[in-house]
*Asks:* 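Structure incoming, see below.
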Amino acid sequence: MSKKKIGFLALAATTCVLALAGCSGNGSAESSTSTADKPTETATSNEIALSAWGYEQNVEFKAIVEAFEKKYDAKVKVVDIDPGSYENKITTLLASGDKTDVLSMKDVGSYVNYANKQQLVDLTAYSEGLSAEDLANYGGSLDSYRTEDGKIYALPFRKDTYVLFYNKKLFDAAGVDYPKDLTWDTYQELAKKLTSGANEAEKVYGGYHHKWFPILQATAANQTGGDLLSGKYDYLKNYYDIFLNMQKDGTVMDYATIKTTNTTYSSVFETNKTATMIMGSFYISRLLKAQASGENEMSWGMTTIPQRSDSKETITYGGPAGMAVNKNAANPELAQKFVEFASGKEGALVLSKLGITTAYKNKETLNALFSIEGMPQDEESKKALTPDKDGLEYAAKASAAGITKVLGEEHDLIMVGDKSVEDGIKEMESRTKDLVE
């Protein structure tokens, strides 16, 4: 067994592997509304409390809070919780009867648990009362939080879109045209052309596949019509073959190395170590901030992720971030106004101006996004954020947390070579059978 595999397995033995597409921090100035990480008991008639993860790093929270306070002459107290312990903390607060009014939803699996325990206010009536135009502008994002009983207990304010980021400098140096309309075959060939370097210190990879398992699995499910919660995973095989072949060819960084060294996707892309990278649109705001501050002046663009050669439409996926009203909220009416504001067109316009891709999209929000200094202005980059289908990672079902845990564990073993693709898929189906049933 290689040293990389031994190191990885030692790490995996003590780590619960979960992939959370969309957990990207972006720096922001301190807000006067931020408070300590503690329960909230009471509120005035025009005051609510909001739970958030990494408030100082995620600019969307501060922007929404300030815009809402200004419009409604209200006060929003922020309960800032460490991102790594956010779901556990919210679970504890809800179990204790805490009255924090608005709860930010970081993970769909945790959201389902809160909804099933009837700890959140039912927002289905609001969603059903939306105009046809507004529903179309959500583009199906509301279904991110539609539970098995057909109800919605949270509204999405952010909806990520996975795209292929590329480094223009590296393309220019290699004399290769900027990417567009890639299939998985042409993507692999492109990665070979852009890979260079005689040793690891000089190595530049043609592509980069981060460790989050949905980058492979959710892409495969959406592009083949599969379902990650179905218990059937044959459709994953071709995608694993592609990712493993690229790893074998040395055109992408070795998976075990990424895991054992805790490599961050931003460090690889921003230090010119990879020419292309499949990543969520949440990365846009970080790149823009780095450019604006002078921290990094790299020239970058976007195109759609590679597609199946027989596909007649562009298909990708992305996870949501949303907000819900606590069933025990101290101020439920104002709390629901806040959630509706954050999720709707007013909140979407606020966030679009920061480089955040929103759940609610229309011409105005897209124009605001692409008017930011530093945003790519080419049509291919714009097309990347408006695919024919921007699907979900997985549905809001009670089985989601258990099934995705299995999928993540088996993904690790396949990618480090400790299981064949065939054996890994069989194990996924075997281990999830009871969970599906």
Side-chain angles (χ1 to χ4, degrees), residues 17-22 105 107-113 115-116 138-154 156 159-162 184 209 212-243 278 280 304-308 310-322 359 387-415 419 421-437:
V17 181
L18 293 174
L20 297 172
M105 295 288 107
D107 173 67
V108 171
S110 298
Y111 155 77
V112 174
N113 290 334
N116 286 345
Y138 275 108
S141 293
L142 291 172
D143 288 331
S144 302
Y145 295 117
R146 192 175 300 281
T147 58
E148 290 171 280
D149 61 4
K151 294 186 176 182
I152 293 175
Y153 297 88
K159 174 64 167 72
D160 300 322
T161 301
Y162 270 72
W184 288 104
H209 300 150
W212 299 332
F213 68 86
I215 290 178
L216 186 155
Q217 294 182 0
T219 296
N222 279 281
Q223 292 188 349
T224 64
D227 178 357
L228 290 185
L229 304 185
S230 68
K232 302 296 182 183
Y233 303 109
D234 282 347
Y235 59 84
L236 296 178
K237 184 180 184 307
N238 289 341
Y239 289 79
Y240 272 113
D241 288 342
I242 291 168
F243 276 47
I278 298 172
T304 53
I305 65 171
Q307 303 290 311
R308 288 161 51 100
D310 60 351
S311 179
K312 296 180 180 179
E313 55 184 354
T314 55
I315 302 172
T316 186
Y317 81 99
D388 296 319
K389 177 185 175 184
D390 185 5
L392 308 178
E393 287 185 11
Y394 46 85
K397 293 183 178 180
S399 60
I403 290 176
T404 55
K405 181 177 184 294
V406 170
L407 297 181
E409 291 170 350
E410 295 300 325
H411 176 77
D412 285 338
L413 296 173
I414 293 172
M415 291 303 298
K419 280 187 181 177
V421 174
E422 293 77 8
D423 288 345
I425 288 175
K426 286 180 182 178
E427 196 68 12
M428 289 178 195
E429 294 180 344
S430 173
R431 292 180 63 193
T432 59
K433 183 177 180 181
D434 290 343
L435 294 170
V436 171
E437 294 176 352

*Asks:* Can you name the closest pair of heavy atoms from Asp143 and Leu392 and give their distance?
*Replies:*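 Result for this residue pair: O-CD1, 4.0 Å.
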*Asks:* Roughly how far, to the nearest 0.5 Å, is NZ of Lys232 from NZ of Lys433?
*Replies:*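 It comes to 8.0 Å.
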*Asks:* Backbone N or O of Leu236 within a donor-acceptor pair of the Gln217 side chain at under 3.5 Å?
*Replies:* no
*Asks:* Test your reading of the model: is there a side-chain donor-acceptor pair from Thr316 to the backbone of Asp390, 3.5 Å cut-off?
*Replies:* no
*Asks:* Between Lys151 and Asp149, does any side-chain N to carboxylate O distance fall below 4.0 Å?
*Replies:*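 Salt bridge absent between Lys151 and Asp149.
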*Asks:* Can a donor-acceptor pair be found, under 3.5 Å and without considering hydrogens, that links the side chain of Gln307 to the backbone of Ile305?
*Replies:* yes
*Asks:* OH/Tyr138 to OG/Ser144 distance, rounded to the nearest 0.5 angstrom?
*Replies:* 11.0 Å
*Asks:* Indicate whether the side chain of Gln223 and that of Tyr239 have a donor and an acceptor atom separated by less than 3.5 Å.
*Replies:* yes
*Asks:* Kindly say whether Glu148 contributes a backbone atom to a donor-acceptor pair with the side chain of Lys397 at under 3.5 angstrom?
*Replies:* no
*Asks:* Could you tell me which residues satisfy ring pair (Phe, Tyr, Trp, His ring centres under 6.0 Å) with Tyr111, sequence neighbours excluded, listed by chain and number?
*Replies:*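 With neighbours one apart ignored, the set is Tyr145.
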*Asks:* Atom CD1 in Ile403, atom CG in Asp434: separation rounded to 0.5 Å?
*Replies:*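 With rounding to 0.5 Å, CD1 (Ile403) is 10.5 Å from CG (Asp434).
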*Asks:* Does the Asp227 side chain pair with the main chain of Ala221, one donor and one acceptor, at a distance under 3.5 Å?
*Replies:*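 The answer is no, because no donor-acceptor pair under 3.5 Å joins these two groups.
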*Asks:* State whether the side chain of Asp388 and the backbone N or O of Ile315 hold a donor-acceptor pair below 3.5 Å, judged by distance alone.
*Replies:*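 No.
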*Asks:* Using 0.5 Å steps for rounding, measure from the CD atom of Glu393 to the CD1 atom of Ile215.
*Replies:* 9.5 Å
*Asks:* Please report the closest heavy-atom contact between Pro320 and Val108, naming both atoms and the distance.
*Replies:* CG-CG2, 3.9 Å
*Asks:* Only one of Thr161, Asp160, Thr219 passes side-chain contact (heavy atoms from CB on, under 4.5 Å) with Tyr317; say which it is.
*Replies:*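 With Tyr317 as partner, side-chain contact (heavy atoms from CB on, under 4.5 Å) holds for just one option, Thr219.
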*Asks:* Check for a donor-acceptor pair, side chain of Ser311 on one end and backbone N or O of Arg308 on the other, with a separation under 3.5 Å.
*Replies:*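 Not confirmed, Ser311 side chain does not pair with Arg308 backbone.
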*Asks:* Please report the shortest heavy-atom distance between Pro387 and Thr314, naming the atom on each side.
*Replies:*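 Shortest heavy-atom contact: CA-OG1, 3.4 Å.
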*Asks:* So which atom in Ile278 and which in Pro306 form the shortest heavy-atom distance, rounded to 0.1 Å?
*Replies:* CD1-CD, 4.3 Å
*Asks:* Can you tell if the side chain of Asp234 reaches within under 4.5 Å of the side chain of Glu429, non-hydrogen atoms only?
*Replies:* yes
*Asks:* Find out whether Thr432 and Tyr233 are in side-chain contact, i.e. whether some heavy atom of one side chain is under 4.5 Å from a heavy atom of the other.
*Replies:*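 Sidechains of Tyr233 and Thr432: in contact.
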*Asks:* Can you name the closest pair of heavy atoms from Lys159 and Gly318 and give their distance?
*Replies:* NZ-O, 2.8 Å
*Asks:* Surrounding NZ of Lys419 (heavy atoms of other residues, nucleotides or ligands, distance under 6.0 Å), is the total greater than 12?
*Replies:*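 Enclosed.
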*Asks:* What's the spacing between Met428 CE and Glu410 CD if we round to 0.5 Å?
*Replies:*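 If I round to the nearest 0.5 Å, the distance is 6.0 Å.
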*Asks:* Do Glu422 and Lys426 sit within salt-bridge range, that is, some charged N less than 4.0 Å from a carboxylate O?
*Replies:*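 The answer is no: the pair does not qualify as a salt bridge.
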*Asks:* For a quick test of reading the model, state the closest non-hydrogen atom pair linking Phe213 to Gly408 and the distance between them.
*Replies:*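 So the minimum-distance heavy-atom pair works out to CD2-CA, 3.5 Å.
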*Asks:* Hey, what do you get for OG (Ser399) to CG (Leu228), rounding to the nearest 0.5 Å?
*Replies:* 11.0 Å
*Asks:* What pairs with Phe243 under ring pair (Phe, Tyr, Trp, His ring centres under 6.0 Å), at least two apart in sequence or on another chain?
*Replies:*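 Expected list: His209.
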*Asks:* Name all residues meeting the ring pair (Phe, Tyr, Trp, His ring centres under 6.0 Å) criterion together with Tyr235; count only those two or more places apart in sequence or in a different chain, and write none if there are none.
*Replies:* none
